[in-house]
Number of protein chains: 2
Amino acid sequence: MLDDDGKRPTIYDVAKEAGVAASTVSRALARPDRVNARTREHVLAVATRLGYRANPIARALPSGRTQTVALFVSDVTNPHFFGIIRGAEQQTRAAGCTLILGDTEESPDLESGNIERLSGSVDGFVVAASRMSDSRIKELASRHRLTLVSRQVDGVPSAIVDHEDGTRQIIEHLASLGHTSVVYLAGPRRSWLAAKRWQVIRATARQFDMAAERLGPFPPAVRGGAAAADAAFGKGATAAIAHNDLLAIGMLRRFADRGVRVPDDISVVGYDDIFGADFCSPSLTTLAGQFEEAGRIAVDLLLGVRDGVRRSRSGSQVVLPSHLEIRASTGPAPR
Amino acid sequence: MLDDDGKRPTIYDVAKEAGVAASTVSRALARPDRVNARTREHVLAVATRLGYRANPIARALPSGRTQTVALFVSDVTNPHFFGIIRGAEQQTRAAGCTLILGDTEESPDLESGNIERLSGSVDGFVVAASRMSDSRIKELASRHRLTLVSRQVDGVPSAIVDHEDGTRQIIEHLASLGHTSVVYLAGPRRSWLAAKRWQVIRATARQFDMAAERLGPFPPAVRGGAAAADAAFGKGATAAIAHNDLLAIGMLRRFADRGVRVPDDISVVGYDDIFGADFCSPSLTTLAGQFEEAGRIAVDLLLGVRDGVRRSRSGSQVVLPSHLEIRASTGPAPR
DNA sequence: CTGAAAGCGCTAACAG
DNA sequence: CTGTTAGCGCTTTCAG
């Protein structure tokens, strides 16, 4: 063995051992069809015998491709992202690549900072629930490969779970239970989703002759629930739509502490159907969507594997269906 | 501007523009003290003007250091890992490095396979809740930088949350409630933790004159809870310790469905104090620990920032304290 | 089909 | 203190 000097064997070691040129080894490995079958097999045999493993760094230098994609989420501990993370991880691995995960802590600056920092070590970026402005996203997308999850920006490929029809389902559900007004407990000011949801809630409520009011913003976490619950209760609301399940669960707890009965005194609806939404008490009515699929699609779009359901000059914007998971936190309006 | 040919500027572009040699640029950037203050500032100014950004790949090739660490968890969607992931992410970033996250799907082969695959693109590995055998871990640790979370192996640095004293707290709690026997709903056969927990449960129960029995294994997920609950109930147990909170929560649901009252008919205890343990119904008594800190420490140990609390010839094995979070799922033994 | 040779962008001796 | 000169390991023309 020529190379037990402690370092791992390179193509040169393999080449020398196999009695061929390094470039032949390279080809045998990367473009097997461009090499004589006999030599290819010989080279491959020697490579395995020597325990040769390609150095990904060295391979990335000339080509510029790192076989790596980065996923940024605004908060790794938010269960909302689990499905997205898992889907992205699976699809990345399926494509023979590696996923890098970053937490941007709800900060637009950390998002763009991380993108700049990793540009060069990564083939592309998937940004979930971006807090950046449309213009900043466009600018970054023009200089880097970039796709979005739970966010739509003109010209940038994205995968989102439908919120328009989903929100309509929520309002319809509440209306059918006799509610005549609804409050929306808003998420962060920077959240695109929060803005969108409120738009649709207001528009749809009007169609159903329901009054709609927005309160907040509240931190999209369980701890935000106390203030949200108090605000909703203070307004005398009979139906509350929380920006997400975390907030909704926090509200349920606050209501329980204050002796407010759910759904007898007030109905509560969330978004996302996160882990826990089915076993909190009462179990939470919430809008469920295929977030895992969204993660997968975002990676596909990034890697160019998939063209997108609707492809237009503005890029591929995939919208996944959502459905209302009706549980115990919603009921007839109190009279 | 010399370099708006679409590619990003290199040190050569900066060097030419600044009228110095490339190596001077390299030094000005990496070892500012080895360069005349005047030239350094000039070079730096030119670099910023040109929008120069170091290419991490190119930098990694000669040095072999990628400023990247990989974290493997056995299941990204298991809330147990959230704290660990977050802690590791924070500490990695604090060290100026990047975290790669991998899901090994409870498979020892995927663990070692991924380690081999990423070796070379990564400075080291943190493996959480490894399913590999001690010998395989030792072997890998001898060839790669590697630290462990929630697992101890001789000679390999690790951070775990105490289970010995914690388990004693659980048994003591149950004994004080008058329970005279306990069943342990075991986790996966390959799980080191599952084995350890059972050892300690059995030993401690004996000290308290309690009978102890192990049932299972069960999948450490909510869906495993039904079978676990039925098994525990079938044995006529008055107190059940689940391998983790996921399993415990699944059990609570099954008991609710079957009309078994918790804690009146049976007490349930979990491990980890995951998201949801405080709002399931009844809320879950569980052993809480500083998993975020464990993630941080594992990264520190890997990067050599920290020496470990107990350093021995066998490496640094850090044990973090745990405490019993007593909630509503445990109560006096039925008479 | 295969070999020689020129880089990819940066670091690190080694001279000056 | 700064410039020159080799590489790091692999890919990729370009000849042969």
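Predicted model, so just to flag it, every value in this text is computed and none were measured. Order of the sequence lines fixes the chain letters, A, B, ..., with proteins taken first and strands second; residue numbering starts at 1 for each chain.
In this structure, B:A22 reaches neither bases nor backbone, as no heavy-atom distance under 4.0 Å exists between it and the strands shown. A:R31 comes within 4.0 angstrom of the backbone, heavy atoms only, and of no base. A:V20 comes within contact range of the sugar-phosphate backbone alone, with a heavy-atom separation under 4.0 Å but no base atom that close.
Going from atom CZ of B:F125 over to atom OG of B:S119 covers 5.5 Å, rounded to the nearest 0.5 Å.
The number of heavy atoms from other shown groups lying within 6.0 Å of CZ (A:R190) does not exceed 12.
Under the 4.5 Å side-chain criterion, counting only non-hydrogen atoms from C-beta, A:V127 is not in contact with A:R151.
In this model, the phosphate group of C:dT11 is approached by a side-chain N or O of B:S26 to a distance below 4.0 Å at OP1 or OP2. OP1 or OP2 of C:dT11 sits under 4.0 Å from a side-chain N or O of B:R59.
Minimum atom distance to the side chain of B:L61 is reached by D:dG9, of the listed D:dG9, C:dC10, D:dT4. With C:dG9, C:dG3, D:dC10 as the choices, the nucleotide that has an atom nearest any side-chain atom of A:I11 turns out to be D:dC10. Taking every side-chain heavy atom of B:N36 into account, D:dC1 is the closest of C:dG7, D:dC1, C:dT2.
No donor-acceptor contact under 3.5 angstrom links the side chains of B:R136 and B:S130, judged on distance only.
At a cut-off of 3.5 angstrom, the base of D:dC8 holds no donor-acceptor pair with the side chain of A:Y12. The base of D:dT11 has none of its N or O atoms less than 3.5 Å from a complementary donor or acceptor on the side chain of A:S23. Residue A:R27 places a side-chain atom within donor-acceptor reach of the base of C:dG3, judged by atom type and a 3.5 Å distance cut-off alone.
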